[in-house]
Amino acid sequence: MKRFISIALAFVLIAVLAGCSGAGTSESNLTQKQAQEKLDALVKSKVKTKTVSHDPDNSWVGTSGSIDELPNINQKYPLSIKGGSSNNVEIFASTEKSIVDGSGWLDIEAKAFNRAHSNMSVSVRPIASGSAMGYITSGKYVPGAYTPANELWGAMLQSKGVNLDTISQKLTGNEAGILMKKNVYQSYVKKYGSPVTIDNVVKAVLAGDLKLAHTDPNVSSTGLNIMTQELRAFDPTNPFSDKAQAQMQRFADKVPPTSPTTAEMVQVASKGLADAIITEYQAWQSDPTLKDWVFTPCGVLHNSPLYAFDKSTAAQKQTLKAFADFCSTSAAQQEATSLGFNPTNGYGGVKNEYTGAELYKALDFWKQNKDAGKPVLSVFVIDRSGSMEGEPLNQLKDSLLNGANYINENYYVGLVSYSSANDITVDMPIDKFTPATHSLFCGAVGDLQARGNTATNSALVAAMNMLVKKQTALGLSDAKLRVFLLSDGQQNDGLSMSQIKGIVSGLKIPIYTIGYNNDIDSLKELSSMNEAYCVNADSSDVVMNIKQLFTAQL
């Protein structure tokens with residue numbers, strides 16, 4: 001009997017020890033209450049912080065971002081095709097038709113065109129339509145021509161005083177639309193009828209019958225197209241009315257957080273967080289993993305217009321006209337069709353009813369209402385360990401100081417920085433992001449210095465604890481909580497991933513991560529637990545990446 005009791009006690013002791021170490025606990029299934037209890041226990045026993053004050057830095061006043069946030073274009077967006085004639089024209093081309101390896105449809109036509117002409121040629125630079133706008137409107141880099149996915153970007157450029165000469169209204173056919181899982185599409189049609197329309201999609205989302213993922217309308221042509229159509233569905237008479245705002249906030253509360261690109265949006269869908277996405281016809285045709293989904297076109301057509309700029313000479317415009325004619329030949333269009341362009345579904349598109357100025361207004365309207373009118377509490381977690389010394393930390397500082405210009409005023413923001421487990425500091429407690437807080441944020445970022453080991457997971461626990469405590473103190477039960485982690489991913493001190501995984505999953509706080517080298521698998525794992533994503537911020541584009549992240553999420 002004594003032996004039996006001893007064995008039983010031994011098993012109990014093993015179970016207790018396993019529970020303390022995280023082993024034997026189903027970390028992926030912790031309830032919010034269990035996650036909170038584990039968070040409290042770790043904060044009391046293993047995570048210590050100290051508060052550090054910083055002098056405010058007011059140098060941001062009067063700024064609203066800078067052309068310096070745009071990365072070197074040849075590093076970030078290299079040419080896919082380089083023309084060699086004396087009468088050469090560079091074209092900014094949207095990324096569904098141009099790929100850096102030269103395999104896109106426009107790349108193929110450019111190579112053939114250049115071979116066929118000795119006295120004229122084109123160079124092609126793949127760049128997302130929205131990203132191209134930054135270079136053009138700032139004047140940092142203006143090519144000879146621009147072919148975005150749709151006409152909306154042209155209208156926006158003209159509203160900024162950029163003169164455009166339309167060389168071609170259409171290089172090849174494409175469509176924006178709604179893509180649904182087949183079973184979801186069948187259920188949708190039974191309740192809302194066919195064909196799928198933006199009006200009924202909005203109704204389905206508001207009713208909880210559809211989880212629709214979006215891309216960032218500041219960068220994505222499809223995101224801009226569909227978002228502006230949704231505004232019309234909210235209020236057909238005035239897309240910027242109080243009614244539209246109320247509907248947009250309700251709608252935003254029903255959809256996953258915006259993804260920067262289609263790739264991240266597909267990841268959101270693969271996690272079961274969305275059963276419908278917005279995309280282009282060509283992207284759907286080109287992705288074998290989406291073949292079982294059902295595509296329905298919506299919005300204005302994506303006909304890839306071709307525009308020339310003022311600086312283009314008469315000879316260059318003649319080259320562009322010759323290239324547009326070359327792209328319209330039956331051989332070129334057959335090549336486009338083989339790559340997923342030129343839908344045959346008979347969709348005629350809708351007429352764009354927005355001026356360029358109204359499209360910019362729509363983007364601002366979206367940013368102000370994308371969080372459903374709910375308070376947003378965020379903590380930045382900054383890695384200042386020794387491995388971040390030099391260029392990574394300098395890039396981090398530059399990107400944060402610039403990115404702070406894109407944080408919505410009156411969101412709640414705090415900042416934690418860390419190196420070793422015994423060096424985790426609260427550099428700015430969570431507070432409303434007023435101009436005074438903005439200055440404190442800039443001062444804290446400017447003071448960051450690299451040293452010590454890397455206790456990423458311990459710092460995350462401190463940040464999540466700050467968020468939960470502040471939410472409770474403010475009585476904001478419906479607030480959206482977010483963590484932004486900037487690190488090189490080289491965790492070597494403090495808590496292990498197994499000790500925090502259950503907390504992250506149970507509290508359901510999205511952790512957006514920005515990694516400063518290729519060793520960022522642990523950062524990707526953290527982001528994948530909830531509705532977030534990881535940005536691989538190489539030295540040439542980290543400032544722009546963070547601007548886009550803050551625009552979409554803050």
Side-chain angles (χ1 to χ4, degrees), residues 30 32 35-36 38-40 42-43 47 49 256-260 264 268 273 371 374-385 396 399-400 403-404 406-408 411-418 424-431 433 437 441 444-445 448 454-472 474 476 479-489 491 494-495 497 499-516 520 522-535 537 545-546 549-554:
L30 290 184
Q32 187 164 3
Q36 179 66 64
K38 187 168 183 179
L39 176 68
D40 292 340
L42 286 179
V43 169
V47 177
T49 64
T258 303
S259 301
E264 284 86 3
V268 168
L273 300 172
D371 290 305
K374 295 183 177 181
V376 175
L377 279 65
S378 301
V379 173
F380 292 87
V381 181
I382 311 301
D383 181 353
R384 50 174 170 76
S385 62
L396 182 152
S399 59
L400 281 179
Y406 300 94
I407 299 175
N408 275 338
Y411 277 28
Y412 290 85
V413 171
L415 192 150
V416 169
S417 68
Y418 69 95
I424 301 171
T425 59
V426 177
D427 298 276
M428 192 178 81
I430 300 174
D431 203 351
F433 202 69
T437 310
F441 181 89
V445 170
L448 293 172
T454 311
T456 300
N457 297 324
S458 298
L460 281 175
V461 165
M464 289 186 289
N465 183 60
M466 285 173 62
L467 285 169
V468 172
K469 293 294 190 289
K470 188 68 174 181
Q471 181 185 30
T472 301
L474 294 172
L476 300 175
K480 293 188 174 185
L481 309 184
R482 292 171 184 159
V483 170
F484 295 89
L485 169 62
L486 295 87
S487 171
D488 61 6
Q491 156 86 20
L495 298 174
M497 179 71 79
Q499 288 175 290
I500 72 161
K501 184 179 290 188
I503 297 173
V504 175
S505 298
L507 293 179
K508 302 189 185 308
I509 299 175
I511 301 176
Y512 296 90
T513 57
I514 300 94
Y516 286 81
I520 56 174
S522 61
L523 300 183
K524 292 178 180 178
E525 182 178 0
L526 285 166
S527 291
S528 69
M529 292 180 197
N530 296 312
E531 299 175 349
Y533 45 84
C534 177
V535 174
N545 279 336
I546 290 183
L549 176 62
F550 289 5
T551 299
Q553 302 302 335
L554 291 172

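The minimum heavy-atom distance between Ala455 and Gln491, with the atom names listed, is C-OE1, 3.6 Å. When every heavy atom of Ala35 is checked against every heavy atom of Gly502, the shortest pair comes out as CB-O, 3.9 Å. Taking all atoms of both residues into account, the shortest heavy-atom contact from Ser378 to Phe484 is OG-CE1, 3.7 Å. Contact detail for Ser487 and Leu523: the closest heavy-atom pair is O-CD1, 3.7 Å. For the pair Ser385 and Thr454, the tightest heavy-atom approach, listed with the atom from each and the gap, is OG-OG1, 3.0 Å. Residues Met428 and Met466 approach most closely at O-CE, 4.1 Å, considering heavy atoms.
At least one side-chain heavy atom of Tyr418 sits less than 4.5 Å from a side-chain heavy atom of Asp383. Between Val461 and Gln499, the closest side-chain pair of non-hydrogen atoms is not below 4.5 Å. Looking at heavy atoms from C-beta onward, Leu400 lies in side-chain contact with Leu486 at the 4.5 angstrom threshold. Counting heavy atoms from C-beta on, the side chains of Thr49 and Asn465 never come closer than 4.5 Å. Put simply, the side chain of Lys508 does not reach to within 4.5 Å of the side chain of Gln32, judged on heavy atoms. Counting heavy atoms from C-beta on, the side chains of Val504 and Met464 come closer than 4.5 Å. Looking at heavy atoms from C-beta onward, Val445 lies out of side-chain contact with Phe380 at the 4.5 angstrom threshold. Looking at Ile511 and Met529, their side chains never come closer than 4.5 Å, going by heavy atoms from C-beta outward.
For the side chain to side chain contact (heavy atoms under 4.5 Å, CB included) with Val381, the lone residue among Thr456, Leu415, Val483, Thr513 that qualifies is Val483.
Using the six-membered ring where Trp is involved, Phe441 and Phe433 have ring planes that are perpendicular, over 60° apart on the 30 and 60° scheme.
Between the side chain of Ser458 and the backbone N or O of Leu495, at least one donor-acceptor pair lies under 3.5 Å.
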Candidate pair Leu42 and Ile503, rule side chain to side chain contact (heavy atoms under 4.5 Å, CB included), full reasoning = CA-CA 10 Å; Leu42 286 179; Ile503 297 173; 3.5 Å; yes
task = Could you give me the CA-CA distance, side-chain angles and deciding distance for Leu481 and Gln471, then say whether side chain to side chain contact (heavy atoms under 4.5 Å, CB included) is met?
result = CA-CA 8 Å; Leu481 309 184; Gln471 181 185 30; 3.5 Å; yes
query = Under the side chain to side chain contact (heavy atoms under 4.5 Å, CB included) criterion, do Leu460 and Met497 qualify, and how do the steps go?
reply = CA-CA 11 Å; Leu460 281 175; Met497 179 71 79; over 6 Å; no
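With rounding to the nearest 0.5 Å, the separation of CG in Asp488 from CD1 in Ile514 is 13.0 Å. Put simply, OH on Tyr412 and CG on Leu474 are 5.0 Å apart, with the number rounded to the nearest 0.5 Å.
A salt bridge links Arg482 with Asp371: the closest approach of a Lys/Arg side-chain nitrogen to an acidic carboxylate oxygen falls below 4.0 angstrom.
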